[in-house]
Amino acid sequence: ISKEKGGNVAQFFDDSMRYKFQDNLLIENALRLVVENGCGFEQYYQPKTQFGEVTSMEALIRWHHPDLGHVSPSAFIPIAEDIGLILQIDEWSLNQACRQNKKWQDEGIIEVPISVNISAKHFQQDYLIPMIESALLESGMEAKYLKLEITESVFIKDPNRVAEVIRQIKSLGVLISIDDFGKGYSSLSQLLLLPIDEIKIDRQFIQDIDQNDKKALLVKSIFDIANGLKINVVSEGVETENERALLVGIGKGEIQGYLYSRPLSKEGMEEFLCVQTGV
Ligand code: C2E
Ligand code: MG
Ligand code: MG
Ligand code: MG
């Protein structure tokens, strides 16, 4: 087909494919080194707030490579999933988050749950439960302060097995959140059948919600169902005061987004919290 469209089109397509492939190879090799050496990642934290108070926070991985520069997790996490490195990366994120959150608790800085993003790949392995148990044991953080963010994509493969793993996680006392809610599929049935604690409404529904009646109606109905089921609701990617005001009017829930704070380094978060509490 591309040949029929003319040589130039085919050429351009081949070139861009090749460059993308080379970029991925660079990232792939660099990732292998970072994981082998056990350092090179950093963890950032983004607060979630309710009535202007920090009620929890999300751990987000950051990677600065000496040659590649800052590589976004949206770029390297899918590659890590393809080459089987995601298990070690998420293990690092989980351990780091539990340690840091426990430290903040011990130092009297803040006592809230911390959320960690966990790839769907873990649900096809047997290592997830031991990994969580070990992170809790080693950090000494209580299970109720750990929340795992998973996306709807985990339910594509073997939903029964996933439901069973979720029940096991819950039996440890760890909380479960559905990230990017509404982006995937079968959202409602999961809500009704699974013991989840939280949904995070995807940013696409939040963006400009104050200017879009259909979005507002949709989000309101999500709030109503979740509130009825006693499921916590987080609005992701809140950037403007108008969006915030509309969401607060719709229902009870947490707000997360650049309006309050971008993801912050450990030091940045400590400064942010001091300002918040007026210390
Ligand atoms: P996510 O879990 O849905 O996280 C939200 C993303 O939106 C983050 O991007 C965050 O920085 C960004 N964000 C937050 N507020 C706003 C806002 O108001 N406006 C806009 N435009 N963006 C906002 P980030 O940090 O680049 O992470 C991207 C994705 O990478 C995350 O999406 C998550 O799926 C994944 N990720 C991050 N850390 C980890 C990790 O340790 N393990 C795994 N498996 N995935 C991770
Ligand atoms: Mg998340
Ligand atoms: Mg999200
Ligand atoms: Mg999102």
Side-chain angles (χ1 to χ4, degrees), residues 27 31 34-35 40-49 54 56-64 69-101 113-125 127-128 131-132 135 146-154 175-184 187 196-210 232-244 247 253-265 268-269 272:
I27 293 178
L31 267 183
V34 173
V35 170
F41 294 126
E42 199 185 345
Q43 193 160 68
Y44 269 47
Y45 307 91
Q46 189 180 30
K48 301 180 205 170
T49 59
V54 178
S56 61
M57 55 182 100
E58 176 175 8
L60 293 159
I61 197 165
R62 292 291 176 265
W63 181 29
H64 186 87
H70 172 77
V71 189
S72 144
S74 313
F76 76 81
I77 293 286
I79 296 175
E81 287 177 332
D82 283 347
I83 62 176
L85 287 182
I86 192 65
L87 301 181
Q88 285 114 303
I89 292 175
D90 282 353
E91 183 170 33
W92 179 86
S93 295
L94 185 64
N95 284 322
Q96 183 68 23
C98 292
R99 268 197 302 265
Q100 184 57 60
N101 201 38
I114 192 155
S115 298
V116 182
N117 293 284
I118 292 290
S119 162
K121 293 279 174 192
H122 293 274
F123 287 83
Q124 297 157 32
Q125 313 271 147
Y127 188 52
L128 182 59
M131 183 172 113
I132 298 167
L146 178 61
K147 205 179 277 175
L148 301 183
E149 291 192 7
I150 59 182
T151 61
E152 294 167 59
S153 66
V154 302
L175 307 168
I176 297 281
S177 173
I178 307 289
D179 205 351
D180 304 335
F181 183 83
K183 217 177 169 182
S187 312
I196 62 165
D197 302 284
E198 176 181 284
I199 55 171
K200 298 183 75 175
I201 303 177
D202 193 68
R203 188 166 74 89
Q204 74 182 92
F205 301 108
I206 304 300
Q207 199 172 22
D208 300 327
I209 190 171
D210 54 301
N232 187 38
V233 185
V234 180
S235 301
E236 283 194 320
V238 179
E239 293 185 354
T240 70
E241 175 50 34
N242 286 344
E243 290 167 355
R244 188 201 66 83
L247 287 162
E254 285 176 286
I255 302 279
Q256 185 179 24
Y258 293 169
L259 175 67
Y260 277 107
S261 173
R262 289 183 175 254
L264 302 165
S265 66
M269 178 55 95
F272 178 84

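Counting starts at 1 for both ligands and their atoms, following the listed order. For the single chain, residues carry numbers from 1 onward in sequence order.
Side-chain contact check for Lys48 and Ser115: at least one donor-acceptor pair (N or O, by modelled atom type) lies under 3.5 Å. For the residue pair Gln100/Gln43, the side-chain donor-acceptor check at 3.5 Å is not satisfied. Checked by atom type, the side-chain pair Tyr44/Gln46 shows no donor-acceptor distance below 3.5 Å.
In this comparison of Trp63, Phe41, Tyr258, Tyr260, the heavy atom closest to atom 17 (C) of ligand 1 sits on Tyr258. The nearest non-hydrogen atom to atom 46 (C) of ligand 1, considering only Asn117, Leu60, Ile255, comes from Asn117. Relative to atom 25 (O) of ligand 1, the option among Gln46, Glu243, Gln96, Arg62 with the closest non-hydrogen atom is Arg62.
Between Phe41 and Phe76, the ring planes are parallel. Angles under 30° get that label, and only those over 60° would be called perpendicular.
Contacts with ligand 1 closer than 4.0 Å are made by no heavy atom of Gln256, backbone or side chain. With a heavy-atom cut-off of 4.0 Å, Ile61 touches ligand 1 through backbone and side chain alike.
Atom numbering of ligand 1 starts at 1 in the shown order; those under 4.0 Å from a heavy atom of Glu58 are 2 (O), 4 (O). Close contacts of ligand 1 with Gly257, meaning ligand atoms under 4.0 Å from a residue heavy atom, involve 15 (N), 18 (O). Every atom of ligand 1 with a heavy atom of Pro263 under 4.0 Å away is listed here by number and element: 11 (O). Shown in contact with Ser93 at under 4.0 Å from a heavy atom are these atoms of ligand 1, numbered in order with element: 40 (C), 41 (O).
Summary: OD1 is the N/O/S atom of Asp180 found nearest to the Mg ion (ligand 3). Distances from the Mg ion (ligand 3) to the N/O/S atoms of Glu236 are shortest for OE2. In Glu58, the N, O or S atom that comes nearest to the Mg ion (ligand 2) is OE2.
Within the structure, the closest approach of Gln43 to ligand 1 does not fall below 4.0 Å when heavy atoms are considered. Contact between Glu236 and ligand 1 is present, with at least one heavy atom of the residue lying under 4.0 Å from the ligand.
Looking at Val233 and Phe181, their side chains never come closer than 4.5 Å, going by heavy atoms from C-beta outward. With a 4.5 Å cut-off on side-chain heavy atoms, Leu31 and Trp63 count as touching.
Note on Asp179: counted as a metal contact of the Mg ion (ligand 2), an N/O/S atom lying under 2.8 Å. Not one N, O or S atom of Ser177 sits under 2.8 Å from the Mg ion (ligand 2).
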Run the side chain to side chain contact (heavy atoms under 4.5 Å, CB included) check on Leu128 and Met131 step by step: do they pass? CA-CA 5 Å; Leu128 182 59; Met131 183 172 113; 4.2 Å; yes

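Some N or O of Asp180 is nearer than 3.5 Å to an N or O of ligand 1, by distance alone. Considering backbone and side-chain atoms together, Asp179 places an N or O closer than 3.5 Å to an N or O of ligand 1. For Arg203, a nitrogen or oxygen atom sits less than 3.5 Å from a nitrogen or oxygen atom of ligand 1, counting backbone and side chain alike.
Formation of a donor-acceptor pair under 3.5 Å by the Asp180 side chain with backbone atoms of Asp202 is not found in this model. Between the side chain of Glu152 and the backbone N or O of Ile178, no donor-acceptor pair lies under 3.5 Å. With hydrogens and angles disregarded, no donor-acceptor distance shorter than 3.5 Å links the side chain of Glu149 to the backbone of Val116.
Taking the Mg ion (ligand 2) as the corner point, the angle from Asn117 atom OD1 to Glu149 atom OE1 is about 90° (rounded to 10 degrees).
Screening Asn117, Leu175, Ile132, Asp90 for a side-chain contact (heavy atoms from CB on, under 4.5 Å) with Leu148, the sole residue that qualifies is Ile132.
The environment of Arg262 atom CZ is sparse: at most 12 non-hydrogen atoms of other residues, nucleotides or ligands sit within 6.0 angstrom.
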